[in-house]
Structure formats: structure tokens, C-alpha cells
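Index from 1, following the sequence.
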Amino acid sequence: LNIKGKKFNPSSLEAQLLQQFPSVKECVIFGVHELNCLYVGDCATQDIQKFLRDLDTHLRPALLQQVDEIPLKYPGKISRSYLKTLFNCR
């Protein structure tokens with residue numbers, strides 16, 4: 001991804017979140033002009049927001065939402081373009 005003129009690999013932030021918060025079972029980072037994050041787990045959104053404040057501003061998700069499950073598209077794969085459409089994200 002290229003966010004605000006800077007290259008970014010979403011899987012690196014996903015790995016950091018999963019490592020920092022063991023109660024987060026799954027997460028996905030997606031977006032075009034700004035990042036968005038969905039996560040599955042019983043971790044408080046405020047705790048994740050505190051962690052994200054330490055990151056560069058272009059790495060902070062505009063949307064951070066806890067969900068029961070990550071929406072998958074057939075055949076059971078995460079489609080970031082599908083998520084952008086589903087959550088009406090930029």
C-alpha cells in the first residue's frame with residue numbers, strides 16, 4: 001500500500017498487533033488513502049488505540065473496529081477490496 005506518499009506493508013502492522021495483544025485472535029489492515037483495521041478478540045479498543053498512538057501518523061488506522069469475525073469472500077479468503085466496499089472506506 002502507498003499511504004500518504006509512504007509505502008507500507010499491512011501485514012507488518014497486523015503482526016505487531018497480534019504480538020502485542022494476545023487476546024486479538026485475528027486482524028486485517030486495509031485501505032487506499034487511509035488505513036482501516038478490523039480485529040477479532042476481547043481486547044478493548046482503547047488499549048489498541050494507546051498502542052497505535054506510538055506509531056507514525058500515516059500508520060494509524062482511521063477506523064479501528066472490533067468485529068465478531070473478519071468478513072470473508074468466496075472461497076474463504078480476505079479480500080481487502082471487498083472490505084473497503086463493505087465498510088465504505090476511502
Side-chain angles (χ1 to χ4, degrees):
L1 289 177
N2 194 349
I3 303 292
K4 297 179 183 173
K6 299 185 181 196
K7 292 191 184 222
F8 170 72
N9 182 356
S11 61
S12 63
L13 183 54
E14 292 169 358
Q16 285 180 10
L17 282 171
L18 292 171
Q19 181 180 8
Q20 185 74 23
F21 299 97
S23 60
V24 173
K25 297 173 181 67
E26 242 185 312
C27 69
V28 62
I29 307 286
F30 60 98
V32 176
H33 300 292
E34 56 188 22
L35 293 178
N36 304 285
C37 177
L38 301 178
Y39 72 95
V40 177
D42 56 1
C43 185
T45 302
Q46 295 86 354
D47 294 337
I48 296 176
Q49 286 173 334
K50 286 179 191 174
F51 167 74
L52 294 173
R53 276 190 219 125
D54 293 336
L55 299 175
D56 292 338
T57 54
H58 73 281
L59 297 178
R60 293 182 199 150
L63 168 76
L64 176 63
Q65 186 172 347
Q66 183 179 13
V67 294
D68 292 330
E69 61 182 25
I70 302 293
L72 301 177
K73 199 165 184 188
Y74 181 80
K77 294 186 177 182
I78 294 173
S79 169
R80 285 176 168 76
S81 60
Y82 173 65
L83 292 175
K84 286 183 277 189
T85 303
L86 189 64
F87 287 89
N88 198 21
C89 297
R90 300 187 315 133

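- Note that the CG atom of Leu52 and the CG atom of Asp47 stand 11.0 Å from one another [nearest 0.5 Å].
- At a threshold of 4.5 Å between non-hydrogen side-chain atoms, the residues Leu83 and Val28 count as touching.
- In terms of heavy atoms, Leu59 sits closest to Leu13 at O-CD2, 3.5 Å.
- Taking both residues in full, the closest heavy atoms of Leu64 and Gln49 are given as CD2-CG, 3.5 Å, listed atom of the first, atom of the second, then distance.
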Carefully, step by step, assess Leu17 and Cys37 under the rule side chain to side chain contact (heavy atoms under 4.5 Å, CB included). CA-CA 10 Å; Leu17 282 171; Cys37 177; 3.9 Å; yes

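- The shortest non-hydrogen separation linking Leu18 to Cys27 is CG-SG, 4.1 Å.
- A heavy-atom distance below 4.5 Å is not found between the side chains of Gln66 and Ile48.
- For the atom pair Asp54 CG and Gln20 CD, the distance stands at 9.0 Å (nearest 0.5 Å).
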Take Phe30 and Ile78 through the side chain to side chain contact (heavy atoms under 4.5 Å, CB included) test and state the conclusion after the steps. CA-CA 10 Å; Phe30 60 98; Ile78 294 173; over 6 Å; no

Step-by-step side chain to side chain contact (heavy atoms under 4.5 Å, CB included) determination, Tyr82 to Leu72: CA-CA 8 Å; Tyr82 173 65; Leu72 301 177; over 6 Å; no

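- The shortest heavy-atom contact between Gln16 and Leu55 is OE1-CD2, 4.0 Å.
- Within the 3.5 Å criterion, the main-chain N or O of Ile29 finds a donor-acceptor partner in the side chain of Arg80.
- A donor-acceptor pair under 3.5 Å is absent between the side-chain atoms of Asp56 and the main chain of His58, judged by distance alone.
- For Glu69 (side chain) and Val40 (main-chain N/O), no donor-acceptor pair under 3.5 Å exists by modelled atom type.
- Between the CD atom of Glu14 and the CD atom of Glu26 there is a distance of 10.0 Å, given to the nearest 0.5 Å.
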